[in-house]
2 protein chains.
Amino acid sequence: MEKTITRIKDIAQKAGVSTGTVDRVLHNRGRVSEDVQQRVLKIAKELNYEPNLLARALVTNRTYTIAALLPDPAADSYWQAPKTGIEKAEAELKQYGVVVKQFIFNPFQASSFRENADRLTKTKFDGILVAPIFYRESITYFNIWKRSGVPFVLFNTHIPDYEPLMYIGQDSYLSGYLAGKIFHFGHQESGTFLVAHIDENMQDSSHLIKKEQGFVDYFQQNTSADAYQILHTQVSRGTDKEGFTAQLDNLLADNPSITGIFVTNSKSYMVAEYLQARNHRKINLVGYDLVEKNLHFLNAGIINFLINQNPKGQGYHSMYGLADHLIFKKKVEAIKYLPLDIITKENLQYYYG
Amino acid sequence: MEKTITRIKDIAQKAGVSTGTVDRVLHNRGRVSEDVQQRVLKIAKELNYEPNLLARALVTNRTYTIAALLPDPAADSYWQAPKTGIEKAEAELKQYGVVVKQFIFNPFQASSFRENADRLTKTKFDGILVAPIFYRESITYFNIWKRSGVPFVLFNTHIPDYEPLMYIGQDSYLSGYLAGKIFHFGHQESGTFLVAHIDENMQDSSHLIKKEQGFVDYFQQNTSADAYQILHTQVSRGTDKEGFTAQLDNLLADNPSITGIFVTNSKSYMVAEYLQARNHRKINLVGYDLVEKNLHFLNAGIINFLINQNPKGQGYHSMYGLADHLIFKKKVEAIKYLPLDIITKENLQYYYG
DNA sequence: AATTGCTGCGTGTACGTACACAACATTCGC
DNA sequence: GCGAATGTTGTGTACGTACACGCAGCAATT
């Protein structure tokens, strides 16, 4: 049966018109009489016409220039992965005329974000990819881009209400909830856990709060009230190593019952260093992200689990979201969460690299 | 700079020959003088020529017929996922002229495998996808296919030494090792664990043995000798429910210290049913695969973790492996293991569906 | 009556590649 | 020396689509 793929030519033949007319109908560019239009559409539906994307991409020979506004991996190695994902997608989409221009900003300076966003906005791009880690600054540009009709995709950090084409990233609350599950499984009777926010720029704080909320809610919803105790601490950026050590020393001295530490960002290696130095073998450690330093302590057995939300995939899928919209005219989903992967020393090899 | 993609035409112009000549050189079909050949190759390299796959796929208008030999999901719902993955890839690759013919065999009857493989072998296919769960029977056909030069891809079960184009699937040993890690984390001081092989056809037994081996090795390598005890049991196919219950009753009566059960295949829901009926709340349960019945007990909290090796992805990537080889002439890697995902109730939503 | 403008539609060409065929040059056999 | 065989290269067409252009036919304007 339907082994034959229908082409514009087939529709034209069956409708008794030329391919040009069919083309005009399918692209809604008018200059076709009502009855012919109806006839062509009907036949197209009957024959189940689907345009040949190859041929289309071949003939619409234009280039799509996409701007990627993302933080500097040199400042925080977490951002290496999304960058790699973007570049992988770029290589694959080169075929279709996609060119990416990267704008790299310093994730610790809002001014750097603004500068790069300004530079970006000067040129007219076909699409924009952005990690909007500075909330206030971002929405200014969202409004500009929206007015000029340029589709933009957010990744890593979600800022709704400004109609981005899509958001790709993580569900912070649920990842905290998942961390709760992991600790609960590791300590099935009772436990005291420390939620640690470490060395973070303030922009990500809403992420971290959601993670902690998820963590706390897990125990509230799944355990009896008094079996588990959850503490929390914050080490602000700029604290030196001695200060950091002292702070943890105090915390553990005051709370000798602590059996697990949940680090809400990619800095769990700092706690791991401490635990190793102090030889605290019994304290479990769960953190985020497959950055080099974390992997070292994961393999050493100091970090038990890392939660990972495929940052490389975030970059990769963001690019494809734009491409699906711009080139392939597919409908894209407004929100795409990537899987919350649970990484251990044992299954790390599948996720890294 | 290099914003211009180089075409055959560009090479031809620069070399002072026609596009036909360049084409002959690039495709090694002779009838070109030595000096012209060298010149063209040199220029192609200089200009960093890469063929336009779209144009190529457009012009080589042939259809690729691929045979998929896989077990019947109706007999074992595990096989639904690979089938879905294959069909998803088929839909995407239809553009490029890929047509898939499925041959569904009964996973409990080697004769059914043979019948379908015979039917398959009668027709000449461009590529073959097979889940070779019957070892002895499979290698007969491997030899036939190899002689006739048809590339074949294995998934789910690896049988080396017969030069398949690639293998896609799981690393059984490591997944057992990973299960060991999970139980160890759940019982950090000591524990008694039961490895249960349930209701399985013999063909998969090598898989199950590797999983158990990995599990045992984990504790040998990571814990002191006497803290952990590992038992094992086997329930053969055909045992009725009462027999199953009785067998577990006896086991738990003889070994009241059992704190965890590791089910080496997708049948962990059977143990879950038992644990629920007997109200054994304290026994942890880890199994495999996101089949419907398992999900029910995962959500109910009876099954703690499921290990999943993306069976849908196995089907999907197998198809793409063949397509990359046949259509896009890419080099494909001989072995592709898919990630060992750790699934809990909390992150299930990202992996299922 | 001649012109312009508009509507409805067909034709032609281009995208980059593959391949059949034609065309030409060279060599060889007799 | 001529025809045939062989070797080397150019030309043309096709794949399916998009779009510029052109051409009729008719109505409205000059």
Side-chain angles (χ1 to χ4, degrees), chain A residues 3-41 43-44 47-64 93-98 326-330, chain B residues 3-41 43-44 47-64 93-98 326-330:
Chain A
K3 60 168 69 174
T4 47
I5 282 180
T6 50
R7 308 158 295 176
I8 279 189
K9 200 193 273 184
D10 301 319
I11 300 175
Q13 203 174 1
K14 198 155 183 190
V17 296
S18 77
T19 60
T21 305
V22 175
D23 177 67
R24 272 186 292 268
V25 172
L26 295 178
H27 289 79
N28 276 326
R29 11 198 183 87
R31 307 189 147 260
V32 182
S33 66
E34 186 64 24
D35 54 333
V36 170
Q37 172 133 351
Q38 294 304 326
R39 192 147 38 102
V40 167
L41 284 177
I43 293 175
L47 297 184
N48 197 18
Y49 172 77
E50 281 177 34
N52 184 321
L53 299 182
L54 278 77
R56 173 179 291 171
L58 188 62
V59 66
T60 52
N61 200 17
R62 56 168 296 190
T63 59
Y64 296 88
L93 291 168
K94 194 182 161 192
Q95 292 278 346
Y96 301 92
V98 170
L326 291 171
I327 305 174
F328 304 117
K329 318 288 183 195
K330 287 189 202 167
Chain B
K3 61 168 69 178
T4 48
I5 282 182
T6 50
R7 306 158 296 176
I8 280 190
K9 199 193 275 185
D10 301 320
I11 300 175
Q13 201 174 2
K14 196 155 183 190
V17 296
S18 78
T19 60
T21 305
V22 175
D23 176 67
R24 274 185 292 268
V25 172
L26 295 179
H27 289 77
N28 276 326
R29 16 195 180 85
R31 308 193 147 262
V32 181
S33 66
E34 186 64 24
D35 55 334
V36 170
Q37 172 133 349
Q38 294 304 326
R39 191 147 38 102
V40 167
L41 284 177
I43 293 174
L47 297 185
N48 197 21
Y49 172 76
E50 281 177 35
N52 184 323
L53 299 182
L54 278 76
R56 172 177 293 169
L58 189 62
V59 68
T60 53
N61 199 17
R62 56 168 298 190
T63 60
Y64 297 89
L93 291 168
K94 194 182 161 191
Q95 293 278 344
Y96 302 91
V98 170
L326 291 171
I327 304 175
F328 305 115
K329 317 289 183 197
K330 287 189 202 166

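Only heavy atoms go into these numbers, but all of them, side chains included; no hydrogens, no water, no symmetry mates. Each chain gets a letter, A, B and so on, in the order its sequence line appears, and its residues count up from 1. It should be emphasised that the depicted structure is a prediction, and the values quoted were computed from it without experimental measurement.
- For B:L54 and C:dC15, the CG to C1' distance is 10 Å, given to the nearest whole Å.
- Between B:K94 atom NZ and A:N52 atom CG the span is 11.0 Å, to the nearest 0.5 Å.
- Counting to the nearest Å, the P atom of D:dG16 and the CG atom of B:N52 are 16 Å from each other.
- Heavy atoms of B:L58 sit under 4.0 angstrom from at least one base atom.
- The side chain of A:V32 sits closest to C:dC9 out of D:dG16, C:dC9, D:dT9.
- Of the candidate nucleotides C:dA18, D:dG16, C:dT11, C:dT11 has the atom lying nearest to any side-chain atom of A:T19.
- Among D:dT11, D:dT17, C:dA18, the nucleotide with an atom closest to any side-chain atom of A:I8 is D:dT17.
- Residue A:H27 has a polar side-chain atom (N or O) positioned under 4.0 Å from OP1 or OP2 of D:dA18.
- In this entry the distance linking CG of B:L47 with C1' of C:dG16 reads 15 Å, nearest Å.
- A straight line from CZ of B:R24 to P of C:dA23 spans 15 Å, rounded to a whole angstrom.
- Considering only the side chain of A:R31, C:dC9 comes nearest among C:dT17, D:dT17, C:dC9.
- Between B:G16 and A:G20, the one whose closest nucleotide on DNA chain D sits nearer the 5' end is B:G16.
- End-to-end axis angle for the helix from C:dA1-D:dT30 to C:dG29-D:dC2, using five pairs per end and rounding to 10°, comes out at 70°.
- Candidate nucleotides C:dG10, D:dT17, C:dA18 were compared by shortest atom distance to the side chain of A:T21, and C:dG10 ranks first.
- With contacts defined as side-chain heavy-atom distances shorter than 4.5 Å, the pair A:Y64/A:L93 does not qualify.
- Shown here for A:R24 and A:V32, the closest heavy-atom pair between the two residues is CB-CG2, 3.8 Å.
- Annotation for B:T19 and B:K9: closest pair CG2-CA, 3.9 Å, computed over non-hydrogen atoms.
- Taking 4.0 angstrom as the limit, A:R29 places a side-chain polar atom (N or O) nearer than this to OP1 or OP2 of D:dC19.
- Rounded to the nearest 0.5 Å, atoms CG (B:D10) and CD1 (B:I43) are 11.0 Å apart.
- Here the shortest heavy-atom pairing between B:L58 and A:L54 reads N-CD2, 4.1 Å.
- As a whole-Å value, the separation of B:D23 CG from C:dG16 C1' is 11 Å.
- Distances from the side chain of B:Y49 to the nucleotides C:dT17, C:dG8, D:dT17 place C:dT17 closest.
- The side-chain heavy atoms of A:T6 and A:N48, taken from C-beta on, include no pair separated by under 4.5 Å.
- Residue B:L47 comes nearest to B:K14 through the heavy atom pair CD2-NZ, 4.0 Å, listed as atom of the first residue, atom of the second, then distance.
- Separating the CZ atom of A:R56 from the C1' atom of D:dT17 is a distance of 8 Å, rounded to the nearest angstrom.
- With rounding to whole Å, B:K9 atom NZ is found 11 Å from C:dT17 atom C1'.
- Following rounding to the nearest Å, B:Q13 (CD) and C:dT17 (P) show an atom-to-atom distance of 14 Å.
- With C:dT11, D:dG16, C:dT17 as the candidates, the nucleotide lying closest to the side chain of A:V59 is D:dG16.
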